[in-house]
There are 2 protein chains.
Amino acid sequence: MGDQVATLKDIAERTGVSVNTVSLALRGSPRVGQSTRERILESARALDYTPNHAAQSLVTRRNMTVGLLLTDMTSPVLTQVAQKLEIELKAKGYVTLLAASNGDGEEEERALATFRSRQVDGVLVYPNHRRHLDGIRRLAASGMPVILLAGKEVEGLDVVTIDEQHGSALAARHLIDLGHRRIGLIDSERATGNAEKIDGYRQALAEAGIEVDPALIVGPGGHGISQGYAAMAHLLTLPDPPTAVLASTDRIAMGGLRWCQENGIDVPTDVSVFGYDNVEYAEAAAPPLSSVNYPAEQIAQAAAELMLDRINTSADATKRIVLKPDLVIRSSTAGR
Amino acid sequence: MGDQVATLKDIAERTGVSVNTVSLALRGSPRVGQSTRERILESARALDYTPNHAAQSLVTRRNMTVGLLLTDMTSPVLTQVAQKLEIELKAKGYVTLLAASNGDGEEEERALATFRSRQVDGVLVYPNHRRHLDGIRRLAASGMPVILLAGKEVEGLDVVTIDEQHGSALAARHLIDLGHRRIGLIDSERATGNAEKIDGYRQALAEAGIEVDPALIVGPGGHGISQGYAAMAHLLTLPDPPTAVLASTDRIAMGGLRWCQENGIDVPTDVSVFGYDNVEYAEAAAPPLSSVNYPAEQIAQAAAELMLDRINTSADATKRIVLKPDLVIRSSTAGR
DNA sequence: TATCTCAGTATTAACGTTAATACAACGCAG
DNA sequence: CTGCGTTGTATTAACGTTAATACTGAGATA
């Protein structure tokens with residue numbers, strides 16, 4: 001029963017006023033009389049009225065929706081950001097339309113097209129590739145507010161992200177300060193921030209006057225736990241193995257920790273291991289993992305704020321908000 | 001330039017035909033002539049036309065959207081399901097509108113209202129409370145397809161979930177088979193499936209003729225890692241501590257593992273620990289955690305299929321799909 | 001040649017809402 | 001008692017699309 005949803009018209013008929021009066025009353029306009037308003041509100045409640053968003057958005061040209069495009073819906077870092085964003089935007093009345101590109105460029109394009117077709121008011125994107133931003137640029141050029149959540153060096157687009165190079169350099173410096181000179185790097189090619197993280201590592205080593213040994217840099221070809229396991233195996237069975245290892249991801253680091261454990265290599269006595277992202281599980285690793293903290297909350301907050309700005313006020317120059325990450329030192333790192 | 005989005009009308013004016021002809025042509029109707037069609041398609045491309053979804057949905061009464069309400073956007077299990085669901089639904093042309101209730105009943109209500117207002121074609125829900133389903137029931141009663149993703153005992157609503165009691169019983173039985181008699185249970189009150197998991201534990205013990213010692217059942221008051229840590233501390237400092245512990249969540253189990261590690265208690269020699277969910281990180285725990293596998297992919301697949309069914313064909317009797325979980329045995333469990 | 005068919009296109013009316021404007025009734029100042 | 005602002009409500013026109021129906025001209029049919 002009552003399979004049809006109630007519309008303004010239904011309320012209007014029931015109360016004997018015009019549709020427009022109902023609309024005004026429900027929106028709290030002072031122009032409708034006390035008693036009429038009450039009758040209308042009561043009818044609305046009785047009919048369990050919910051405004052038809054499509055109709056509203058068609059006429060107001062506001063959708064109260066922002067699109068959020070993630071590269072991976074299961075990444076703890078990304079979902080943390082997504083969670084905060086959702087909360088932040090919801091507080092302002094916006095709904096989050098989520099899509100995942102799962103590392104696929106075509107999926108990314110499709111998601112953007114969907115966002116456009118649905119007339120979202122703005123789009124937040126973790127791009128798949130740092131260089132290949134054509135689709136995103138096109139969308140932005142068409143007047144859609146677009147904010148990138150990775151790729152601090154990007155020109156011509158708003159960006160809110162962390163300084164991944166800085167984080168990486170910080171971690172490397174910390175290891176150097178502990179007395180390490182041979183520091184391995186496991187960096188997954190496709191992970192967000194690839195080149196930047198390698199750059200930070202190089203920078204820290206250069207500053208300390210340590211020559212970079214290319215044999216100590218290994219791309220695991222993925223960012224799963226098993227890839228970290230394999231990469232660590234590779235590094236520690238080298239003729240002249242590193243005494244410390246920097247991983248581009250906690251996942252990778254934890255895979256590495258597992259290899260150490262299985263092979264009787266004590267962390268941090270035999271090797272120090274440094275993660276990246278400060279995932280919740282890093283705390284429960286064996287041993288608890290030192291990691292570069294990804295300030296998800298601040299990113300989300302800044303991004304949400306900027307997004308609302310972009311939606312409500314017409315274009316300024318593009319903005320670039322780059323947060324500096326800090327370190328969380330636990331017990332997977334120690335001096336020589 | 002071109003800040004205004006192109007509409008059918010623009011294409012119509014440009015090609016000199018009527019709006020309706022354009023609409024037909026773009027939808028591939030055979031009723032429009034070859035040459036006209038080509039001119040229209042070309043114009044559409046030139047103007048970078050994207051259909052206005054709000055307008056479409058207003059008249060077709062199909063939104064091609066399903067709402068997904070999660071209790072926690074950062075839970076690895078839930079996001080895994082969300083990911084698969086998104087992929088599955090996207091393949092059928094549906095977009096996923098995501099919301100998180102974050103364990104708050106009012107947020108849940110608000111999210112459902114949003115879904116309704118946006119005229120989603122269906123709603124998938126991880127409910128906050130098993131008993132308090134009023135809002136969800138009301139939505140379903142209004143004709144909206146609704147599928148619950150937890151709470152196998154629920155009447156009158158479609159449910160796709162796993163048999164949590166069975167999973168829990170399986171795990172307990174495994175520990176019993178290994179020779180354990182004093183088995184602790186850490187079950188977080190609010191986690192999905194609370195009562196069921198306890199029931200499974202009781203059931204397995206009863207079957208084996210082991211009396212349940214209430215002192216061995218501890219509710220950690222949350223499902224974080226630190227709560228698991230504290231709960232394990234509590235259990236293992238008992239006068240007569242358990243020789244095996246079943247945790248209602250991998251997160252909790254991993255918190256427990258950490259406590260053991262810090263306190264020189266070897267797992268599995270001194271205690272066996274069993275997790276629940278088979279989170280990715282379980283594999284990298286120290287030691288790798290035995291866990292009840294949550295078949296996220298199957299859940300998502302079944303839920304998506306049922307949802308499309310509900311959207312496309314009018315109501316049958318409510319359906320209840322309950323998958324049986326299996327165990328993943330790693331090295332955190334061993335015999336006495 | 002008159003009629004019938006049919007392909008191709010146009011016209012009209014929805015969908016549910018908001019926005020702009022018009023109207024009616026009323027009290028009140030002049 | 002005329003005119004005027006005020007208050008409350010109604011009317012009309014949008015928004016961009018689809019659906020139903022109406023028209024038009026040309027070739028086929030009788």
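In what follows, chains are A, B, ... by sequence order, proteins preceding strands, each numbered from 1. For clarity, every value in this text was computed on a predicted model and none was experimentally measured. What you see below is based on every heavy atom in this structure, not just the backbone, and it leaves out hydrogens, waters and symmetry mates.
- Between B:Glu38 atom CD and C:dG8 atom C1' there is a gap of 15 Å when expressed in whole angstrom units.
- In the set C:dG16, C:dA22, D:dG16, C:dG16 carries the atom at the smallest distance from any side-chain atom of A:Val59.
- Note: CD (A:Gln56) to P (C:dG16) measures 13 Å, nearest angstrom.
- Considering all non-hydrogen atoms of both residues, B:Leu78 and B:Asp72 come closest at CD1-O, 3.6 Å.
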For a salt bridge (Lys or Arg N to Asp or Glu O under 4.0 Å) check, start with the C-alpha distance between A:Glu86 and A:Lys90, then their side-chain angles and the critical distance, and finish with the verdict.
CA-CA 6 Å; A:Glu86 204 251 354; A:Lys90 177 157 57 191; 3.3 Å; yes
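- What separates CG of A:Asn52 from P of D:dT17 is a distance of 16 Å, to the nearest Å.
- Atom CE in A:Met64 sits roughly 16 Å away from atom C1' in C:dT17 (whole-Å rounding).
- Annotation: side chain of B:Val5 is not in contact with side chain of A:Ser142 (no heavy-atom distance under 4.5 Å).
- With distances taken from any side-chain atom of B:Leu8 to the nucleotides D:dT17, D:dA22, D:dC15, the minimum falls on D:dT17.
- Considering only side-chain atoms of A:Thr36, the nucleotide from D:dG8, C:dT17, C:dT9 that sits closest is D:dG8.
- Of the two residues contacting DNA chain C, namely B:Pro30 and B:Leu58, the nearest-nucleotide position lying further toward the 5' end is that of B:Pro30.
- No side-chain heavy atom of A:Val66 sits less than 4.5 Å from a side-chain heavy atom of A:Val123.
- OP1 or OP2 of C:dG16 sits under 4.0 Å from a side-chain N or O of B:Arg61.
- For the side chain to side chain contact (heavy atoms under 4.5 Å, CB included) criterion with A:Thr21, the lone passing option out of A:Ile40, A:Leu8, A:Ile11 is A:Ile40.
- Listed nucleotides: C:dT18, D:dG16, D:dT18. Nearest to the side chain of B:Thr60: D:dT18.
- For A:Met144 against A:Phe115, the heavy-atom pair with the smallest separation is CE-O, 4.4 Å.
- Rounded to whole Å, atom C1' of C:dG16 lies 16 Å from atom CZ of B:Arg118.
- The CZ atom of A:Arg31 sits 15 Å away from the C1' atom of C:dA25 (whole-angstrom rounding).
- Taking the charged nitrogens against the carboxylate oxygens, B:Arg61 and B:Asp121 have no contact shorter than 4.0 Å, which rules out a salt bridge.
- Spacing between atom NZ of B:Lys9 and atom P of C:dA10 amounts to 16 Å, rounded to whole angstrom units.
- Proximity of residues 12-27 of chain A to DNA chain D (heavy atom under 4.0 angstrom from any strand atom) is restricted to A:Gly16, A:Val17, A:Ser18, A:Asn20, A:Thr21.
- As rounded to whole Å, 15 Å separates atom C1' of C:dT18 from atom CG of A:Asn63.
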